[in-house]
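Owing to the predicted nature of the structure, the values given are computational and were not obtained by experimental measurement. Scope of the values below: all heavy atoms of this structure, side chains included, with no hydrogens, waters or symmetry mates.
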Amino acid sequence: MRYELVIFDNDGVLVDSEPISNTILSEYLTELGHPTSYQECLRDYMGSAVHRVHDLVEERTGEKLPADFDETLHSRIYAAFQQELEPVEGVDDVLGKLVADGVAYCVASSGNHERIRIGHRKTGLDQWFEDEWIFSAEDVGHGKPAPDLFLYAAERMGVPPERCVVIEDSPLGVEAARAAGMDVYGFTSMMPADRLAGVTGHFSDMSQLREMLA
């Protein structure tokens with residue numbers, strides 16, 4: 001394999017959380033008087049940390065979101081995760097292949113550590129990830145689309161950026177990977193390929209990714 005480290009995004013790549021979280025976010029913003037559709041949430045917020053929601057709402061309306069917005073949003077999402085969350089189909093096979101081949105991997109997510117771990121425990125993916133292989137936008141000053149998170153993950157894993165490949169499903173994540181000087185494969189299960197410009201390659205299911213990483 002030509003890569004020494006595979007860096008996975010979490011939401012939408014490892015756990016099938018994007019439909020759940022973006023539905024809840026669109027409903028909550030609408031409830032607060034900022035009408036937002038599910039598709040608008042995917043377009044504007046998919047792949048980003050929650051501070052982007054605050055920034056865009058204030059930029060567009062001049063209004064700040066409530067002080068307890070993050071806490072309420074996360075509590076609603078976590079409750080839904082406990083009922084509905086599933087792993088992305090085929091991702092266990094990809095992780096098993098990396099283990100069998102002795103290839104290092106980690107997760108670098110815009111979500112906070114609590115969100116990542118709740119999702120992994122619910123889906124059984126916690127069996128694949130040691131704590132020191134989990135990185136969050138909480139760990140760096142700037143989240144995606146800045147390259148900081150991916151560069152931090154590579155540094156902590158001891159692999160130079162040019163020997164890393166990122167697995168992403170959002171335009172912001174692809175932008176961050178490219179800015180970090182890493183190859184990036186775009187997962188098109190929810191995002192059209194033309195929205196993931198500049199990727200090294202596209203795939204629409206995890207069996208294709210297994211072959212791309214071989």
Considering only residues two or more places apart or on different chains, which pairs with a residue in residues 196-214 satisfy salt bridge (Lys or Arg N to Asp or Glu O under 4.0 Å)?
none
Might you work through the side-chain contact (heavy atoms from CB on, under 4.5 Å) test for Leu25 and Leu73, ending with a clear yes or no?
CA-CA 7 Å; Leu25 176 57; Leu73 177 66; 4.1 Å; yes
Under a 4.5 Å cut-off applied to non-hydrogen side-chain atoms, are [X] and [Y] in contact?
X: Tyr3; Y: Glu162; answer: no
X: Val6; Y: Val103; answer: yes
X: Val174; Y: Arg195; answer: no
X: Leu196; Y: Val199; answer: yes
X: Leu29; Y: Val53; answer: yes
X: Ile116; Y: Phe129; answer: no

Asp44 and Arg60: salt bridge (Lys or Arg N to Asp or Glu O under 4.0 Å), yes or no, with the steps?
CA-CA 12 Å; Asp44 293 340; Arg60 291 168 175 173; 3.0 Å; yes
Say you draw a straight line from [atom1] of [X] to [atom2] of [Y]; how long is it, rounded to the nearest 0.5 Å?
X: Gln208; Y: Tyr185; atom1: CD; atom2: OH; answer: 12.5 Å
X: Leu172; Y: Ser110; atom1: CG; atom2: OG; answer: 7.5 Å
X: His113; Y: Arg117; atom1: NE2; atom2: CZ; answer: 5.5 Å
X: Ser170; Y: Leu42; atom1: OG; atom2: CG; answer: 10.5 Å
X: Leu56; Y: His34; atom1: CG; atom2: NE2; answer: 12.0 Å

Kindly state whether the ring of Phe69 and the ring of His54 have centres lying under 6.0 angstrom apart.
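Under 6.0 Å, so yes.
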Any chance the rings of Phe203 and Phe187 have centres within less than 6.0 Å?
yes
Intermediate values then yes/no, salt bridge (Lys or Arg N to Asp or Glu O under 4.0 Å), Lys97 and Asp93:
CA-CA 6 Å; Lys97 180 71 162 52; Asp93 292 337; over 6 Å; no
Do [X] and [Y] have side-chain atoms, one donor and one acceptor, less than 3.5 Å apart?
X: Ser136; Y: Asn112; value: no
X: Asn10; Y: His120; value: yes
X: Tyr152; Y: Asp139; value: no

Got more than 12 heavy atoms from elsewhere within 6.0 Å of CZ, Arg156?
no
Check the surroundings of atom CD in Glu31: do more than 12 heavy atoms from other residues, nucleotides or ligands lie under 6.0 Å from it?
yes
So Tyr105 and Phe8, would you call those rings parallel, tilted or perpendicular, with 30° and 60° as cut-offs?
perpendicular
Over 60° means perpendicular and under 30° means parallel, so tell me whether Tyr78 and Phe81 are parallel, tilted or perpendicular.
tilted
Check against salt bridge (Lys or Arg N to Asp or Glu O under 4.0 Å), Arg178 and Asp183:
CA-CA 7 Å; Arg178 285 172 51 82; Asp183 283 358; over 6 Å; no
Any chance you could lay out the side-chain hydrogen bond (donor to acceptor under 3.5 Å, both in side chains) test for Glu71 and Ser75, step after step, and finish with the verdict?
CA-CA 6 Å; Glu71 180 181 356; Ser75 67; over 6 Å; no
Contacts of Tyr45 meeting ring pair (Phe, Tyr, Trp, His ring centres under 6.0 Å) (sequence neighbours excluded), chain-then-number -> none
In sequence, state the C-alpha distance, the side-chain angles, and the governing distance for Ile167 and Leu209, and then conclude on side-chain contact (heavy atoms from CB on, under 4.5 Å).
CA-CA 9 Å; Ile167 314 302; Leu209 179 61; 3.8 Å; yes
Decide side-chain contact (heavy atoms from CB on, under 4.5 Å) for Ile134 and Cys106; before the verdict, give the C-alpha distance in whole Å, the side-chain angles of both, and the deciding distance to 0.1 Å.
CA-CA 6 Å; Ile134 298 175; Cys106 65; over 6 Å; no
Aromatic Tyr28 / basic Arg76 pairing, under 6.0 angstrom, 45° off normal
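Yes - Arg76 lies over the ring of Tyr28, closer than 6.0 Å to its centre and within 45° of its axis.
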Heavy-atom closest pair (Met46 atom, Met191 atom, distance to 0.1 Å) is SD-CE, 3.6 Å
Worked check of salt bridge (Lys or Arg N to Asp or Glu O under 4.0 Å) between Asp11 and Arg115
CA-CA 10 Å; Asp11 292 293; Arg115 177 186 175 120; 3.2 Å; yes
Between Val15 and Leu125, does a side-chain contact (heavy atoms from CB on, under 4.5 Å) hold up when you go through it step by step?
CA-CA 8 Å; Val15 295; Leu125 291 178; 3.7 Å; yes
